[in-house]
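One structure is given below, encoded as structure tokens.
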Number of protein chains: 2
Amino acid sequence: MTTDDEDGADRIRAGWRRELPDVPVGPIGVITRIWRLAQLFTADRERTLDRLGLDSSTLDLLSTLRRSGPPYELTSGQIAARSFVSAGAVSQRIARAEAAGLVRRARSGADGRSVAVRLTDEGRRMNEDAVADLLRHEETLLDGLGATEHDELAATLKVLLGQLTRRFDAEDRPPP
Amino acid sequence: MTTDDEDGADRIRAGWRRELPDVPVGPIGVITRIWRLAQLFTADRERTLDRLGLDSSTLDLLSTLRRSGPPYELTSGQIAARSFVSAGAVSQRIARAEAAGLVRRARSGADGRSVAVRLTDEGRRMNEDAVADLLRHEETLLDGLGATEHDELAATLKVLLGQLTRRFDAEDRPPP
DNA sequence: CCGATTTAGTTTAGCGCTAAAGGAGTTGCT
DNA sequence: AGCAACTCCTTTAGCGCTAAACTAAATCGG
């Protein structure tokens with residue numbers, strides 16, 4: 001008596017349970033759904049950003065600068081450290097945003113190797129508009145969850161994320 | 001009195017609350033963490049798959065065929081419909097997997113336009129090994145969650161995913 | 001049946017990313 | 001001081017993806 005409101009994850013799980021009965025299918029219910037939700041949130045952001053003439057990597061750059069507070073300036077290295085992308089990607093993002101007039105680059109005073117990246121007024125304005133739009137809209141995406149459910153979800157995700165982050169960090173740094 | 005075990009999402013949320021107090025920062029606790037978890041799961045899979053000489057897009061193709069059951073054969077179109085990627089991407093995935101000897105392509109009997117893609121014995125073996133490895137390992141990633149917490153998480157994710165899927169589907173198909 | 005339309009799959013241009021190589025400035029050792 | 005080692009950033013080759021152009025086969029309507 002299978003329940004009828006199977007989703008994609010349920011179907012994948014049922015497929016593996018049928019075909020490879022020895023394999024544990026438990027993780028699918030969480031991991032596959034997290035992947036799929038991440039995709040949906042990404043696609044939804046992209047639709048909004050298209051309207052605003054931005055893309056998600058530019059938004060990430062502008063937001064990192066904006067969140068740092070006045071004078072909205074960081075070095076490339078600081079941006080890379082906060083962005084979870086490679087230094088090369090940051091360099092390209094800055095070049096694109098500079099061409100669009102959203103940031104300006106200047107050699108940093110103290111250290112001739114670093115580059116200070118600063119938000120222009122237009123970059124700041126576009127970022128503030130986009131962040132307000134996105135977060136207000138994303139709030140509605142989670143409306144279907146009750147307040148308690150929402151908070152418990154955030155809390156559980158935080159626990160899991162903390163555990164995995166610590167675990168992977170420890171694995172990367174094998175015992176001396 | 002800020003709690004001290006802030007994670008990245010908490011820091012982003014605190015930054016926006018400080019800089020743009022009018023913007024609702026609630027969604028960050030869920031959406032940002034889902035993105036980050038998806039990234040971690042992806043990176044973890046990639047490490048395992050590297051060892052096995054596979055990549056995640058090839059795994060996805062082989063798994064789709066394997067889950068369909070004997071004779072492990074589907075048309076390109078059926079694969080695309082199950083894969084959440086474009087038809088072009090499927091075509092390229094098949095070409096790579098065929099070059100690696102993991103699938104074989106043949107014009108499909110009934111309809112001269114379609115292509116039947118079938119798992120080779122080696123493709124089937126590699127897929128079964130990889131799926132067993134991955135799922136057994138991923139089970140341990142979720143070990144830190146209690147059974148109840150795990151089940152509640154899966155259930156909440158399923159609800160949210162269902163709501164969003166229906167909502168976006170409805171938006172794509174505007175009223176007639 | 002014949003031409004137009006639709007459908008299945010492939011090919012290609014362009015995108016942003018990573019990893020690795022390169023260029024320029026700084027630090028440290030003697 | 002002088003030179004090696006290091007650091008910060010940029011550049012580039014290669015990858016897989018998407019969107020769109022394209023080829024070929026099937027279907028439909030007069």
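The figures that follow rest on heavy atoms only: side chains count, while hydrogens, waters and symmetry mates do not. Chain letters run A, B, ... following the sequence lines, proteins first, then strands; residues in each count from 1.
Contacts of Thr32(B) classified as side chain to side chain donor-acceptor pair (under 3.5 Å), with partners at least two apart in sequence or in another chain: none. Legend: residues meeting salt bridge (Lys or Arg N to Asp or Glu O under 4.0 Å) with Arg136(B), ordered by chain and number and at least two apart, are absent.
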Requested in this report: Test salt bridge (charged side-chain N to carboxylate O under 4.0 Å, His left out) on Asp60(B) and Arg93(B) and set out the steps.
Outcome: CA-CA 9 Å; Asp60(B) 188 32; Arg93(B) 288 175 175 195; 2.9 Å; yes
Report task. For Asp129(B) and Arg125(B), run salt bridge (charged side-chain N to carboxylate O under 4.0 Å, His left out): C-alpha distance rounded to whole Å, both residues' side-chain angles, the deciding distance at 0.1 Å, then the answer. Result -> CA-CA 6 Å; Asp129(B) 288 355; Arg125(B) 189 188 50 69; 3.5 Å; yes
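In this structure, Asp44(A) CG and Leu37(A) CG are separated by 12.0 Å, a value rounded to the nearest 0.5 Å.
Looking at Glu152(A) and Thr156(B), their side chains never come closer than 4.5 Å, going by heavy atoms from C-beta outward. Counting heavy atoms from C-beta outward, Gln163(B) and Leu145(A) have side chains that approach closer than 4.5 Å.
Sorted by first and then second residue, the pairs that involve residues 11-26 of chain A and meet side-chain hydrogen bond (donor to acceptor under 3.5 Å, both in side chains), not counting sequence neighbours, are Glu19(A)-Arg66(B).
Across all their heavy atoms, Asp55(B) and Leu49(B) have their closest contact at C-CD1, 3.8 Å.
You can see that DNA chain D meets the heavy atoms of chain B within a 4.0 Å-exclusive cut from dG16(D) to dA26(D), reading 5' to 3'.
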Could you go over nucleotides 21-25 of chain C and give all protein N or O partners under 3.5 Å, atom names and distances?
from	atom 1	to	atom 2	distance (Å)
dG25(C)	N2	Arg113(A)	NH1	3.1

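Looking at residues 62-98 of chain B, you'll see Val85(B), Ser86(B), Ala89(B), Gln92(B), Arg93(B), Arg96(B) sit with a heavy atom under 4.0 Å from some atom of DNA chain D.
A donor and an acceptor atom, one from each side chain of Asp133(B) and Thr48(B), are nowhere located under 3.5 Å apart.
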